[in-house]
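What follows is one structure encoded as structure tokens, with my remarks underneath.
Predicted model only: the values in this text are computed from it and were never measured.
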Amino acid sequence: MKNIILCGFMGCGKSTIGRIMSKKADLSFVDMDRYIEEKQNMTVAEIFEKYGEEGFRDLEHEACLELSQREDQVIAAGGGTLTFKRNIDALKSSGRIIFIDVSYENLCERLKRDTRRPLLQVENRNERIKELLEKRLPIYRGAASIIVNGNFSSRVVAYNILGIIR
Ligand code: S3P
């Protein structure tokens, strides 16, 4: 079976939803950030610090190329992954891209205590979320073949997606 690739903003629930889906559909689950971290033996924050965002984006692209060679996976992409054409091209060829759409207000609420995402460690976090979200929304929408409402519990969203793709 082709892969199922979950995309959406940080905090939209990609990893939790992906895990639930993979168990239910008997597919393997790959969290792209964890995949990169394990390969580098560093956290995403450490990678950003050592190599900068650009260095992280190259490792992320490498991960897209590798994972797109495999099948039967639910892949939780990083929040920035599907905003790059080279990653969209690689992942699209390996499966279906699903955008989990969560409102700005819910994202702010879900991300308000985050300490591990480098892009959000700024003074005005909600402003940063707004800027990034405005820039990324049309790209997520363009990349995905399915868009789901992510403003529900992870379980509900996971079952909704499974219902749509079956
Ligand atoms: C990023 C999202 C993060 C991680 C990195 C950059 C982004 O993944 O890849 O911090 O650019 O939105 P999550 O969406 O899993 O938090």
Side-chain angles (χ1 to χ4, degrees), residues 1-48 51-102 107 110 116-119 132-133 135-166:
M1 185 184 152
K2 287 207 154 198
N3 296 318
I4 299 165
I5 301 116
L6 303 180
C7 100
F9 203 80
M10 295 173 265
C12 77
K14 300 176 291 280
S15 305
T16 315
I17 293 165
R19 254 187 217 101
I20 297 170
M21 287 175 60
S22 68
K23 279 195 197 129
K24 191 77 193 154
D26 201 23
L27 297 167
S28 55
F29 173 71
V30 184
D31 182 300
M32 199 176 285
D33 285 337
R34 301 293 90 72
Y35 179 86
I36 297 167
E37 290 182 332
E38 275 165 26
K39 231 179 124 187
Q40 299 304 313
N41 202 18
M42 288 164 94
T43 64
V44 168
E46 286 165 348
I47 297 171
F48 265 73
Y51 304 120
E53 180 173 348
E54 217 174 296
F56 173 76
R57 297 303 174 195
D58 286 342
L59 295 171
E60 186 177 51
H61 179 56
E62 213 174 272
C64 290
L65 295 176
E66 290 167 7
L67 293 173
S68 62
Q69 297 307 308
R70 307 184 191 167
E71 290 189 342
D72 298 325
Q73 317 163 97
V74 177
I75 303 172
T81 314
L82 274 309
T83 63
F84 294 92
K85 187 177 179 304
R86 59 181 182 170
N87 298 338
I88 299 173
D89 291 344
L91 290 171
K92 216 173 201 165
S93 70
S94 86
R96 280 195 273 189
I97 300 178
I98 297 164
F99 168 42
I100 302 168
D101 193 9
V102 172
L107 289 172
R110 294 186 195 182
R116 89 189 153 81
R117 293 174 172 95
L119 295 179
L132 282 174
L133 192 60
K135 220 188 304 162
R136 290 176 172 185
L137 268 178
I139 313 179
Y140 291 145
R141 290 199 180 109
S145 56
I146 296 168
I147 301 175
V148 292
N149 184 343
N151 297 291
F152 301 108
S153 73
S154 299
R155 186 155 293 276
V156 167
V157 179
Y159 280 74
N160 279 348
I161 298 174
L162 289 171
I164 293 169
I165 62 177
R166 263 183 186 147

Query raised in the report: With a cut-off of 6.0 Å (strictly less than), are more than 12 heavy atoms of other residues, nucleotides or ligands near NZ of Lys24?
Result: no
Backbone N/O of Gly79 and side chain of Tyr140: donor-acceptor pair under 3.5 Å:
yes
dist Ser154:OG -> Arg19:CZ (nearest 0.5 Å) comes out at 10.5 Å
Original post:
Would you find a donor on one side and an acceptor on the other, under 3.5 Å apart, between the side chain of Thr81 and the backbone of Cys7?
Top reply: no
Residues passing the side-chain hydrogen bond (donor to acceptor under 3.5 Å, both in side chains) test with Glu71, sequence neighbours excluded, are none
Those residues at least two apart in sequence (or on a different chain) that pass side-chain hydrogen bond (donor to acceptor under 3.5 Å, both in side chains) with Thr83 are none
Closest non-hydrogen contact found for Ala143 with Ile88 is CB-CD1, 3.8 Å
Residues at least two apart in sequence or cross-chain that pass side chain to side chain contact (heavy atoms under 4.5 Å, CB included) with Arg86, listed by chain then number, are Arg57, Asp58, His61, Phe84
(message) Is there a side-chain contact between Arg116 and Val44 in this structure, where contact means two heavy atoms from C-beta onward sitting under 4.5 Å apart?
(response) no
For Arg34, the side-chain hydrogen bond (donor to acceptor under 3.5 Å, both in side chains) test, sequence neighbours excluded, returns Glu37
Applying side-chain hydrogen bond (donor to acceptor under 3.5 Å, both in side chains) to Asn3 and not counting sequence neighbours gives Gln73, Ser94
Practice task
Answer yes or no: is there a side-chain heavy-atom contact under 4.5 Å between Phe9 and Leu132?
Solution key: yes
Donor-acceptor pairs are to be reported for all side-chain atoms of residues 155-166 against protein atoms at under 3.5 Å, with residues two or more places apart or in another chain.
none

Taken to the nearest 0.5 Å, the spacing of Thr43 OG1 from Asp33 CG works out to 10.5 Å
Close side-chain approach of Leu6 to Met21, heavy-atom, < 4.5 Å: yes
Kindly indicate whether the side chain of Asn87, heavy atoms from C-beta on, has any atom under 4.5 Å from the side chain of Met32.
no
